[in-house]
There are 2 protein chains.
Amino acid sequence: MKNGKVTMSDVAKRAGVDISTVSRVLNSSFEKHKYSDKTVAKVRKAVDKLGYHPSLVARSLRTGKTMLLGMVMSDIGNPFFSEMAFHLDGIMGEYGYRLIVCNTNEDPERQEEHIVGMLAHGVDGLIVSPSGKRGLDRIENSDVPLVVIDRPLSNGFSFVGLDNVLAGKMVAQKLKAHNYRRIGVVMPDSKEDLTLQERLDGLKTGLKDEGCILSWKVCIPPTAVAGEESHRAIVNKLKKELDYPDAIVGITNVCTLNIISSLEELDLVWGESLGVVGIDDFTAASIVRPSITVVGQPIKRIAEESFALLLKQIKEDKKKLKKETVLVEPVWHCRKSLPVR
Amino acid sequence: MKNGKVTMSDVAKRAGVDISTVSRVLNSSFEKHKYSDKTVAKVRKAVDKLGYHPSLVARSLRTGKTMLLGMVMSDIGNPFFSEMAFHLDGIMGEYGYRLIVCNTNEDPERQEEHIVGMLAHGVDGLIVSPSGKRGLDRIENSDVPLVVIDRPLSNGFSFVGLDNVLAGKMVAQKLKAHNYRRIGVVMPDSKEDLTLQERLDGLKTGLKDEGCILSWKVCIPPTAVAGEESHRAIVNKLKKELDYPDAIVGITNVCTLNIISSLEELDLVWGESLGVVGIDDFTAASIVRPSITVVGQPIKRIAEESFALLLKQIKEDKKKLKKETVLVEPVWHCRKSLPVR
DNA sequence: CTGAAAGCGCTTACAG
DNA sequence: CTGAAAGCGCTTACAG
């Protein structure tokens, strides 16, 4: 009780019972221990009077569980991840888990540091949106449950993320349904990210099935944010083409952002003669006029599935249960940039 | 060593030394303990071979310090806070601290829960952007160092945030310098948030000093996001006025967002005959065309100052050191919506 | 230069 | 129905 910290033995002393009694009353371990109402009351009163809160670090040391689940995010500034964290936090809370998050900012070294840190702090499980695979092996060795989100890694970790092929197909179908035929696409120039390739593949085969054509494609640097260079590339392409496509598809939200800023620079209005549609939602999509139609990720679903997978691993504790992959269906956010023509 | 967890005594055994030796070698406590090179080498080798990582929960229990600093944010989806977390994370890392963040989503009850949780987990300090004062008393009672950011609370906690009066003044000065005279303002209708009042006060006195006039003011609901009702209010005001003001000021980023969407609805183009300027930056501000000029918060500065204040409290450990308030200067993001006329 | 021992604050068999 | 004791994995006086 010195220096403000009330401990369990302070409570025991005050209640005139053994410390183990306090512990059991507080944890309602009543299977084998039916304490008298009087004892329970004494303990509760002492707890209240003293304002006792158990030390989770002591408890963790004893039980080996911290009830802490870690989320290692690649980009805390991306609304996808912050919304994800928000939902995870809510869901986990119901199961008595607390979420702690850290941000690698797409830096693999930082990712490893943070993973090591989370492990050292004894998290009971980890959800990571990877930037490369550095540090992931640490988790494997430690036997701490792991689920990877957003970007699948070639190693077979449990994974939940968007069905990217389907997203591409859905875009193709919508394009056809709204009578767009000649399609342009903007995509990041990255071999690493299979996600992107899948989206493109889905789009291509979808387009073919629908009898549409991919009239051009421009690649932009795979940096996270909209940049001058990307901008240039698109503007140049647009200037060079004699006739514009019916619609332009952004493979990622950054691509779509670049598309609209390029169009603005050229004083082209989208949503009338020129359709725009993107994969992945973003804040500005609904703010910009005309607002942008996109297929997005069902973030809450992803959060739920991730937690479910993690919880299963925690409960089964045998690492023997095989890794699962959950692909979730994209959802349409139909706005103004792709009207029926 | 059973079940994958390598402990310090495993290392000691393998190195053939006492566990205390391992501890001291690892922590380089060499003031009084000059171990022989041979011993040090033995220990390090054992550590490597075994892949030992110290248990921070055990260490915390022993030392009473977790080296964990908590950030309780009111809105993880707000880029201001996520950027803040990003910078904090970086700065703290250099001092051996790890940041854990949680999100109250502007829910006071959740705020209290999260504060209790962070405290139970033994964080060494807390940075909170409050939604009301619920739970803050818990921190005070616990003697854990605290610094409040963003919104000052009437209780005298250490605080770092924007100099809001100055922000208002800076806007007034810029308006004058760019030859705008008749000014409209949009502001949230909230008595609670003194921040807002300060901004308005700064603007008003600034405007007076500069010989400009506040020609009208519209209040919108104090909800966090842009909404239909706010939109209506502004549109109606605009329709009713015979002649528009020279420029409209958004007191918060949400206000500014509402201003531009209202203007869009009325097919009014800002940045030409009608200036727009806001307090507080936001993502769309640079995406929308014409882009929006704002005075924003120097987020990194705020992160640095917050950490400095926290660290001081941690080091001095005497709660006797008085609460400090740090007000940081706003910074201009000059874009296209407020050209010189 | 190195070790033996106590203790941080809990939980949980084991006993009665 | 209740208690005494061991132990989770560390650090740190204390001793030598």
Side-chain angles (χ1 to χ4, degrees), chain A residues 1-43 46-47 50-68 96 119-122 124 142, chain B residues 1-43 46-47 50-67 119-122 124 142:
Chain A
M1 182 106 115
K2 54 227 168 166
N3 97 48
K5 256 7 210 151
V6 180
T7 135
M8 198 145 103
S9 74
D10 295 324
V11 175
K13 210 165 297 162
R14 169 131 186 172
V17 300
D18 188 77
I19 170 180
S20 58
T21 301
V22 177
S23 173
R24 285 188 282 245
V25 167
L26 258 29
N27 294 297
S28 348
S29 329
F30 285 122
E31 326 86 68
K32 328 187 53 180
H33 294 271
K34 291 235 53 55
Y35 285 101
S36 68
D37 292 351
K38 205 173 66 179
T39 303
V40 171
K42 274 193 303 189
V43 170
V47 166
L50 263 25
Y52 170 72
H53 289 276
S55 157
L56 298 193
V57 356
R59 175 181 294 168
S60 298
L61 179 58
R62 184 48 229 250
T63 62
K65 316 244 129 273
T66 56
M67 298 306 281
L68 244 30
L119 253 21
H121 276 293
D124 291 344
S142 73
Chain B
M1 185 108 115
K2 55 228 168 167
N3 98 48
K5 254 17 218 141
V6 181
T7 132
M8 199 146 105
S9 75
D10 296 323
V11 176
K13 211 166 297 162
R14 169 131 187 172
V17 300
D18 188 76
I19 170 181
S20 57
T21 302
V22 177
S23 172
R24 284 187 282 245
V25 167
L26 257 30
N27 294 295
S28 349
S29 328
F30 284 123
E31 327 86 66
K32 327 187 53 179
H33 293 271
K34 293 233 50 53
Y35 284 102
S36 68
D37 292 351
K38 205 172 66 178
T39 303
V40 172
K42 274 193 302 188
V43 171
V47 167
L50 263 25
Y52 170 72
H53 289 276
S55 156
L56 298 194
V57 356
R59 175 180 294 170
S60 298
L61 180 57
R62 185 49 230 249
T63 61
K65 315 244 129 274
T66 56
M67 298 306 280
L119 253 19
H121 276 294
D124 292 343
S142 74

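Per chain, numbering begins at 1; letters A, B, ... match sequence-line order. Because the structure is a prediction, the values reported are computed rather than measured. When reading the values below, keep in mind they use all heavy atoms of this one structure, side chains included, and skip hydrogens, waters and symmetry mates.
Phosphate proximity of C/dG3 to B/T21: present, with a side-chain N or O under 4.0 Å from OP1 or OP2. For C/dC10, one of the phosphate oxygens OP1 or OP2 lies less than 4.0 angstrom from a side-chain nitrogen or oxygen of A/T7. One finds no side-chain N or O of A/S9 lying less than 4.0 angstrom from the OP1 or OP2 phosphate oxygen of C/dC10. Contact annotation: A/T39 side-chain N/O to D/dC1 OP1/OP2 distance is not under 4.0 Å. Using a 4.0 Å cut-off, no side-chain N or O of B/Y35 falls inside it from OP1 or OP2 of C/dG3.
Taking atom CG of A/D10 as the reference point, atom C1' of C/dC8 lies 13 Å away to the nearest angstrom. If you measure from atom CZ of B/R59 to atom P of D/dC8, you get 19 Å, rounded to the nearest angstrom. Between B/K13 atom NZ and C/dG3 atom P the separation is 15 Å, expressed in whole Å. Regarding A/L26, its CG atom lies at a distance of 8 Å from the P atom of C/dT11, rounded to whole Å. Protein atom CG of A/N27 is 13 Å distant from nucleotide atom C1' of C/dG9, rounded to whole Å.
Of the candidate nucleotides C/dT11, D/dA13, D/dC10, D/dA13 has the atom lying nearest to any side-chain atom of B/R24. In this structure, the nucleotide among D/dT11, D/dC8, D/dA5 sitting nearest to the side chain of A/S20 is D/dA5. Distances were taken from every side-chain heavy atom of A/S23 (C-beta onward) to each of C/dT11, D/dC10, C/dA4; the shortest belongs to C/dT11. For A/D18, whose side chain is taken as the heavy atoms from C-beta onward, the closest listed nucleotide among D/dA4, C/dT11, C/dA4 is D/dA4. Closest contact between the side chain of A/A58 and the listed nucleotides D/dC10, D/dA5, C/dG9 involves C/dG9.
A/V57 comes within contact range of no nucleotide atom at all, as no heavy-atom separation falls under 4.0 Å. Within 4.0 Å (heavy atoms only), A/S36 reaches sugar-phosphate atoms of the nucleic acid but no base atom. Among the heavy atoms of the strands, none lies under 4.0 Å from A/L56.
Taking 4.5 Å as the limit, some side-chain heavy atom of B/Y52 sits within range of a side-chain heavy atom of B/L26. Side-chain contact between A/T7 and A/D10: present, with at least one pair of heavy atoms (C-beta onward) separated by less than 4.5 Å. No side-chain heavy atom of B/L119 sits under 4.5 Å from any side-chain heavy atom of A/H53. Under the 4.5 Å side-chain criterion, counting only non-hydrogen atoms from C-beta, A/S55 is not in contact with A/R59. At least one side-chain heavy atom of B/R14 sits less than 4.5 Å from a side-chain heavy atom of B/L50.
No hydrogens or angles were tested; on distance alone, nothing pairs the side chain of B/R62 with the base of C/dG9 as donor and acceptor under 3.5 Å.
Within the shown strands, nothing qualifies as a pairing partner of C/dA13 under the Watson-Crick or G-U definition with both distances less than 3.5 Å.
Along DNA chain C, the nucleotide nearest to B/D37 and the one nearest to A/P54 differ in position, and the one closer to the 5' end is contacted by B/D37. When the nearest nucleotides of DNA chain D are assigned to B/V22 and A/L61 by heavy-atom distance, the more 5′-ward of the two goes with A/L61.
Remark: of the listed residues B/V57, B/L56, B/D124, B/L61, B/D124 is the sole one forming a side chain to side chain contact (heavy atoms under 4.5 Å, CB included) with B/T66.
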